[in-house]
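Would you mind keeping the following structure in view while I ask a few things?
Model, not experiment: these values are computed from the prediction.
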Amino acid sequence: MARTSLQVCAVLLALSGMTCILVSTVSTRWRVSSTAGTIITSTSIFEGLWMNCIGTSSGSVQCKRFSSMFSLAIHIQVCRALMIISLILGLLSCIVSLFGLKCTKFGTSDEHTKGKIALSGGLIFILAGLLCLVAVSWYAAMITAQFFDPLYLGTKYEIGSALYIGWAGSLLAVLGGSFLCCSFKKKKPAAKSGAYKYNYQDPENDFKQFKERKETSVASKAYV
(Lines give C-alpha, C1' and ligand atoms only; values in the text may rest on other atoms or scores of the structure.)
Protein backbone atom coordinates (compact mmCIF):
# COMPACT_ATOMS: atom_id res chain seq x y z
CA MET A 1 0.00 0.00 0.00
CA ALA A 2 2.84 2.38 0.90
CA ARG A 3 4.57 1.59 -2.38
CA THR A 4 1.41 2.33 -4.36
CA SER A 5 0.89 5.65 -2.55
CA LEU A 6 4.51 6.63 -3.21
CA GLN A 7 4.15 5.87 -6.92
CA VAL A 8 0.91 7.83 -7.24
CA CYS A 9 2.39 10.86 -5.43
CA ALA A 10 5.50 10.64 -7.61
CA VAL A 11 3.50 10.61 -10.84
CA LEU A 12 1.33 13.52 -9.68
CA LEU A 13 4.44 15.56 -8.82
CA ALA A 14 6.04 14.75 -12.16
CA LEU A 15 2.86 15.58 -14.08
CA SER A 16 2.64 18.93 -12.26
CA GLY A 17 6.25 19.58 -13.21
CA MET A 18 5.67 18.74 -16.87
CA THR A 19 2.63 21.04 -16.90
CA CYS A 20 4.79 23.88 -15.59
CA ILE A 21 7.41 23.11 -18.24
CA LEU A 22 4.75 23.27 -20.95
CA VAL A 23 3.47 26.61 -19.65
CA SER A 24 7.02 27.95 -19.51
CA THR A 25 7.74 26.80 -23.07
CA VAL A 26 4.79 28.60 -24.66
CA SER A 27 5.02 31.68 -22.44
CA THR A 28 6.10 35.03 -23.89
CA ARG A 29 7.68 36.26 -20.66
CA TRP A 30 11.10 34.67 -20.64
CA ARG A 31 12.61 38.13 -20.39
CA VAL A 32 11.04 41.52 -19.68
CA SER A 33 12.52 44.91 -20.51
CA SER A 34 14.08 46.62 -17.52
CA THR A 35 12.80 49.97 -16.30
CA ALA A 36 16.05 50.78 -14.52
CA GLY A 37 17.59 54.00 -15.82
CA THR A 38 14.66 54.81 -18.13
CA ILE A 39 12.20 57.67 -17.88
CA ILE A 40 9.48 56.38 -20.20
CA THR A 41 7.71 53.41 -18.60
CA SER A 42 4.46 53.51 -20.58
CA THR A 43 5.59 50.63 -22.80
CA SER A 44 7.23 47.33 -21.94
CA ILE A 45 8.88 44.72 -24.12
CA PHE A 46 8.78 41.04 -23.26
CA GLU A 47 10.00 38.07 -25.21
CA GLY A 48 9.68 34.31 -25.22
CA LEU A 49 11.17 31.53 -27.27
CA TRP A 50 8.74 32.02 -30.13
CA MET A 51 7.71 35.69 -30.27
CA ASN A 52 8.28 39.14 -28.81
CA CYS A 53 5.54 41.44 -27.58
CA ILE A 54 5.07 45.10 -26.77
CA GLY A 55 2.63 46.11 -24.07
CA THR A 56 1.35 49.58 -23.27
CA SER A 57 0.06 51.11 -20.08
CA SER A 58 -3.46 51.03 -21.50
CA GLY A 59 -3.35 47.21 -21.54
CA SER A 60 -3.00 46.61 -25.27
CA VAL A 61 -0.43 44.01 -26.32
CA GLN A 62 0.97 43.43 -29.79
CA CYS A 63 2.98 40.28 -30.47
CA LYS A 64 5.05 39.25 -33.45
CA ARG A 65 6.56 35.88 -34.18
CA PHE A 66 10.26 35.67 -34.90
CA SER A 67 10.65 35.87 -38.66
CA SER A 68 13.50 33.38 -39.05
CA MET A 69 14.97 30.76 -36.74
CA PHE A 70 18.46 31.30 -38.16
CA SER A 71 18.40 34.98 -37.22
CA LEU A 72 17.97 34.14 -33.53
CA ALA A 73 20.79 33.95 -31.03
CA ILE A 74 22.37 30.55 -30.50
CA HIS A 75 21.21 30.23 -26.90
CA ILE A 76 17.58 30.81 -27.92
CA GLN A 77 17.77 28.08 -30.56
CA VAL A 78 19.34 25.65 -28.10
CA CYS A 79 16.78 26.49 -25.41
CA ARG A 80 13.99 25.82 -27.90
CA ALA A 81 15.43 22.39 -28.68
CA LEU A 82 15.98 21.52 -25.02
CA MET A 83 12.44 22.49 -24.01
CA ILE A 84 10.88 20.54 -26.88
CA ILE A 85 12.97 17.45 -26.07
CA SER A 86 12.02 17.82 -22.42
CA LEU A 87 8.32 17.84 -23.30
CA ILE A 88 8.68 14.80 -25.57
CA LEU A 89 10.53 12.89 -22.85
CA GLY A 90 7.88 13.96 -20.34
CA LEU A 91 5.11 12.55 -22.55
CA LEU A 92 7.07 9.32 -23.02
CA SER A 93 7.72 8.98 -19.29
CA CYS A 94 4.01 9.47 -18.54
CA ILE A 95 3.11 6.58 -20.83
CA VAL A 96 5.88 4.34 -19.45
CA SER A 97 4.98 5.14 -15.85
CA LEU A 98 1.35 4.16 -16.39
CA PHE A 99 2.48 0.65 -17.33
CA GLY A 100 4.77 0.51 -14.29
CA LEU A 101 2.33 1.60 -11.58
CA LYS A 102 1.38 -1.13 -9.17
CA CYS A 103 -2.26 0.03 -9.08
CA THR A 104 -2.77 -0.28 -12.85
CA LYS A 105 -3.62 -3.41 -14.84
CA PHE A 106 -1.76 -2.42 -18.00
CA GLY A 107 0.93 -4.69 -19.34
CA THR A 108 2.41 -7.41 -17.17
CA SER A 109 1.14 -8.47 -13.77
CA ASP A 110 4.58 -9.31 -12.37
CA GLU A 111 5.41 -6.79 -9.65
CA HIS A 112 9.17 -6.95 -10.24
CA THR A 113 8.75 -6.23 -13.96
CA LYS A 114 6.36 -3.38 -13.16
CA GLY A 115 8.95 -2.00 -10.76
CA LYS A 116 11.56 -1.95 -13.51
CA ILE A 117 9.15 -0.15 -15.85
CA ALA A 118 8.38 2.43 -13.12
CA LEU A 119 12.12 2.89 -12.58
CA SER A 120 12.57 3.60 -16.30
CA GLY A 121 9.74 6.13 -16.21
CA GLY A 122 11.29 7.85 -13.19
CA LEU A 123 14.68 8.13 -14.88
CA ILE A 124 13.08 9.68 -17.98
CA PHE A 125 11.22 12.17 -15.77
CA ILE A 126 14.51 13.15 -14.15
CA LEU A 127 16.17 13.60 -17.55
CA ALA A 128 13.27 15.76 -18.77
CA GLY A 129 13.51 17.95 -15.68
CA LEU A 130 17.27 18.36 -16.06
CA LEU A 131 16.95 19.40 -19.70
CA CYS A 132 14.44 22.10 -18.74
CA LEU A 133 16.71 23.19 -15.89
CA VAL A 134 19.65 23.61 -18.28
CA ALA A 135 17.54 25.63 -20.73
CA VAL A 136 16.07 28.11 -18.24
CA SER A 137 19.34 28.48 -16.33
CA TRP A 138 21.33 29.19 -19.50
CA TYR A 139 18.74 31.73 -20.66
CA ALA A 140 18.79 33.43 -17.25
CA ALA A 141 22.59 33.52 -17.29
CA MET A 142 22.57 35.28 -20.67
CA ILE A 143 20.05 37.87 -19.42
CA THR A 144 22.16 38.53 -16.33
CA ALA A 145 25.39 38.80 -18.35
CA GLN A 146 23.87 41.32 -20.78
CA PHE A 147 22.29 43.33 -17.97
CA PHE A 148 25.58 43.87 -16.13
CA ASP A 149 27.72 44.24 -19.26
CA PRO A 150 28.64 47.96 -19.58
CA LEU A 151 29.59 47.47 -23.24
CA TYR A 152 26.18 46.07 -24.19
CA LEU A 153 24.22 48.85 -25.91
CA GLY A 154 21.00 46.96 -26.62
CA THR A 155 17.82 46.83 -24.55
CA LYS A 156 18.41 45.69 -20.99
CA TYR A 157 16.17 42.84 -19.90
CA GLU A 158 15.30 41.22 -16.60
CA ILE A 159 14.30 37.66 -15.76
CA GLY A 160 10.67 36.96 -16.67
CA SER A 161 8.09 34.89 -14.85
CA ALA A 162 8.38 32.03 -17.37
CA LEU A 163 11.87 31.22 -16.10
CA TYR A 164 10.62 30.86 -12.52
CA ILE A 165 7.85 28.58 -13.74
CA GLY A 166 10.45 26.55 -15.63
CA TRP A 167 12.64 26.22 -12.53
CA ALA A 168 9.65 25.07 -10.48
CA GLY A 169 8.62 22.61 -13.19
CA SER A 170 12.08 21.09 -13.48
CA LEU A 171 12.31 20.71 -9.71
CA LEU A 172 8.93 18.96 -9.53
CA ALA A 173 9.80 16.66 -12.44
CA VAL A 174 13.13 15.65 -10.88
CA LEU A 175 11.50 15.18 -7.48
CA GLY A 176 8.66 13.08 -8.90
CA GLY A 177 11.07 10.99 -10.94
CA SER A 178 13.26 10.41 -7.89
CA PHE A 179 10.30 9.22 -5.82
CA LEU A 180 9.28 6.92 -8.66
CA CYS A 181 12.79 5.44 -8.72
CA CYS A 182 12.71 4.98 -4.93
CA SER A 183 9.56 2.86 -5.24
CA PHE A 184 11.56 0.15 -7.03
CA LYS A 185 12.71 -2.72 -4.83
CA LYS A 186 15.24 -5.31 -5.88
CA LYS A 187 14.06 -8.89 -6.02
CA LYS A 188 15.47 -11.03 -3.24
CA PRO A 189 17.73 -13.77 -4.62
CA ALA A 190 16.15 -17.20 -4.34
CA ALA A 191 17.98 -19.96 -2.49
CA LYS A 192 19.94 -22.28 -4.79
CA SER A 193 18.50 -25.75 -5.15
CA GLY A 194 20.70 -28.55 -3.81
CA ALA A 195 22.75 -26.17 -1.69
CA TYR A 196 24.02 -27.54 1.64
CA LYS A 197 22.49 -25.85 4.65
CA TYR A 198 24.67 -25.62 7.74
CA ASN A 199 22.80 -25.49 11.02
CA TYR A 200 24.89 -23.80 13.65
CA GLN A 201 24.67 -25.29 17.13
CA ASP A 202 26.01 -23.70 20.23
CA PRO A 203 28.79 -25.83 21.81
CA GLU A 204 27.54 -24.96 25.28
CA ASN A 205 24.14 -26.47 24.50
CA ASP A 206 25.81 -29.66 23.24
CA PHE A 207 27.92 -29.86 26.43
CA LYS A 208 24.85 -29.36 28.62
CA GLN A 209 22.92 -32.09 26.77
CA PHE A 210 25.92 -34.47 27.10
CA LYS A 211 26.24 -33.70 30.79
CA GLU A 212 22.53 -34.32 31.38
CA ARG A 213 22.66 -37.64 29.53
CA LYS A 214 25.70 -38.70 31.54
CA GLU A 215 24.08 -37.76 34.87
CA THR A 216 20.93 -39.63 33.86
CA SER A 217 22.98 -42.72 32.96
CA VAL A 218 24.87 -42.65 36.27
CA ALA A 219 21.65 -42.19 38.22
CA SER A 220 20.00 -45.13 36.44
CA LYS A 221 23.01 -47.38 37.19
CA ALA A 222 23.00 -46.36 40.84
CA TYR A 223 19.30 -47.15 41.07
CA VAL A 224 19.86 -50.63 39.65
Side-chain angles (χ1 to χ4, degrees), residues 1-31 46-51 63 65-66 69 72 75-142 159-188:
M1 185 65 182
R3 181 182 172 187
T4 304
S5 302
L6 180 61
Q7 287 182 339
V8 172
C9 292
V11 171
L12 290 177
L13 280 175
L15 286 175
S16 301
M18 296 311 302
T19 303
C20 291
I21 293 175
L22 176 61
V23 172
S24 176
T25 303
V26 300
S27 176
T28 57
R29 292 187 175 272
W30 278 60
R31 61 178 184 175
F46 43 94
E47 293 184 1
L49 295 177
W50 315 98
M51 63 181 67
C63 296
R65 292 184 177 274
F66 295 125
M69 184 183 70
L72 298 175
H75 71 279
I76 298 179
Q77 298 182 32
V78 175
C79 288
R80 275 184 174 185
L82 290 176
M83 296 299 286
I84 292 174
I85 295 173
S86 176
L87 290 174
I88 294 174
L89 289 178
L91 178 61
L92 177 63
S93 56
C94 289
I95 298 173
V96 172
S97 300
L98 285 178
F99 286 93
L101 291 180
K102 189 178 179 181
C103 59
T104 59
K105 302 297 182 181
F106 302 117
T108 181
S109 58
D110 183 39
E111 290 190 5
H112 185 66
T113 305
K114 274 185 168 291
K116 287 184 176 180
I117 297 174
L119 176 64
S120 302
L123 292 175
I124 300 175
F125 269 130
I126 293 174
L127 180 59
L130 291 177
L131 289 177
C132 174
L133 181 63
V134 171
V136 295
S137 298
W138 188 9
Y139 200 97
M142 295 300 297
I159 295 175
S161 57
L163 295 183
Y164 295 105
I165 297 174
W167 277 317
S170 60
L171 179 61
L172 290 174
V174 171
L175 195 61
S178 301
F179 285 164
L180 202 56
C181 292
C182 292
S183 67
F184 173 71
K185 292 183 179 179
K186 287 186 177 181
K187 194 174 183 180
K188 293 182 179 180

Looking at Ser86 and Leu82, would you say the former's side chain and the latter's main chain have a donor-acceptor pair under 3.5 Å?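 No, the answer is negative, given that no donor and acceptor are paired below the 3.5 Å cut-off.
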Tell me, do Arg31 and Met142 make a side-chain contact under 4.5 Å, heavy atoms counted?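 No. Closest side-chain heavy atoms not under 4.5 Å.
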Whether Trp50 side chain and Arg80 backbone form a donor-acceptor pair below 3.5 Å: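 No; zero donor-acceptor contacts below 3.5 Å.
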Considering all heavy atoms of both residues, which atom of Met18 and which atom of Gly90 are nearest to each other, and what is their separation?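 Nearest heavy atoms, Met18 then Gly90: CE-CA, 3.4 Å.
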Return the CD1 to CG distance between Ile124 and Leu92, rounded to the nearest 0.5 Å.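 Spacing of CD1 (Ile124) from CG (Leu92) equals 4.5 Å.
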Assess the residue pair Trp30 and Ser24 against the criterion (side chain to side chain contact (heavy atoms under 4.5 Å, CB included)); give the C-alpha distance rounded to whole Å, side-chain angles, the decisive distance to 0.1 Å, and a yes or no. CA-CA 8 Å; Trp30 278 60; Ser24 176; 3.7 Å; yes
Could you tell me how the ring of Trp138 sits relative to the ring of His75: parallel (under 30°), tilted (30 to 60°) or perpendicular (over 60°)?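 Ring orientation of Trp138 relative to His75: tilted.
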Looking at Lys102, is its backbone amide N or carbonyl O close enough to the side chain of Gln7 to form a donor-acceptor pair, meaning the two atoms are under 3.5 Å apart?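 Confirmed, Gln7 side chain pairs with Lys102 backbone.
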Flag the pair Ile76 / Tyr139 as yes when at least one side-chain heavy-atom distance between them is below 4.5 Å, and no otherwise.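 Yes; the side chains approach each other to less than 4.5 Å.
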Working note: Leu127 + Leu123, criterion side chain to side chain contact (heavy atoms under 4.5 Å, CB included); need CA distance, chi angles, decisive distance, verdict. CA-CA 6 Å; Leu127 180 59; Leu123 292 175; over 6 Å; no
Closest heavy-atom pair and its distance - Gly122, Leu180: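 Shortest heavy-atom separation between Gly122 and Leu180 comes out as N-CD2, 3.5 Å.
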Which residues pass the ring pair (Phe, Tyr, Trp, His ring centres under 6.0 Å) test with Tyr164, sequence neighbours left out?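 If we apply the ring pair (Phe, Tyr, Trp, His ring centres under 6.0 Å) test to Tyr164, skipping adjacent residues, the hits are Trp167.
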Cys181 and Ile126, any side-chain heavy atoms less than 4.5 Å apart: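 Yes, their side chains come closer than 4.5 Å.
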Check step by step if side chain to side chain contact (heavy atoms under 4.5 Å, CB included) holds for Phe179 and Cys9. CA-CA 8 Å; Phe179 285 164; Cys9 292; 5.7 Å; no
Distance-minimising heavy-atom pair for Ile165 and Cys20: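 The answer is CG2-O, 3.3 Å.
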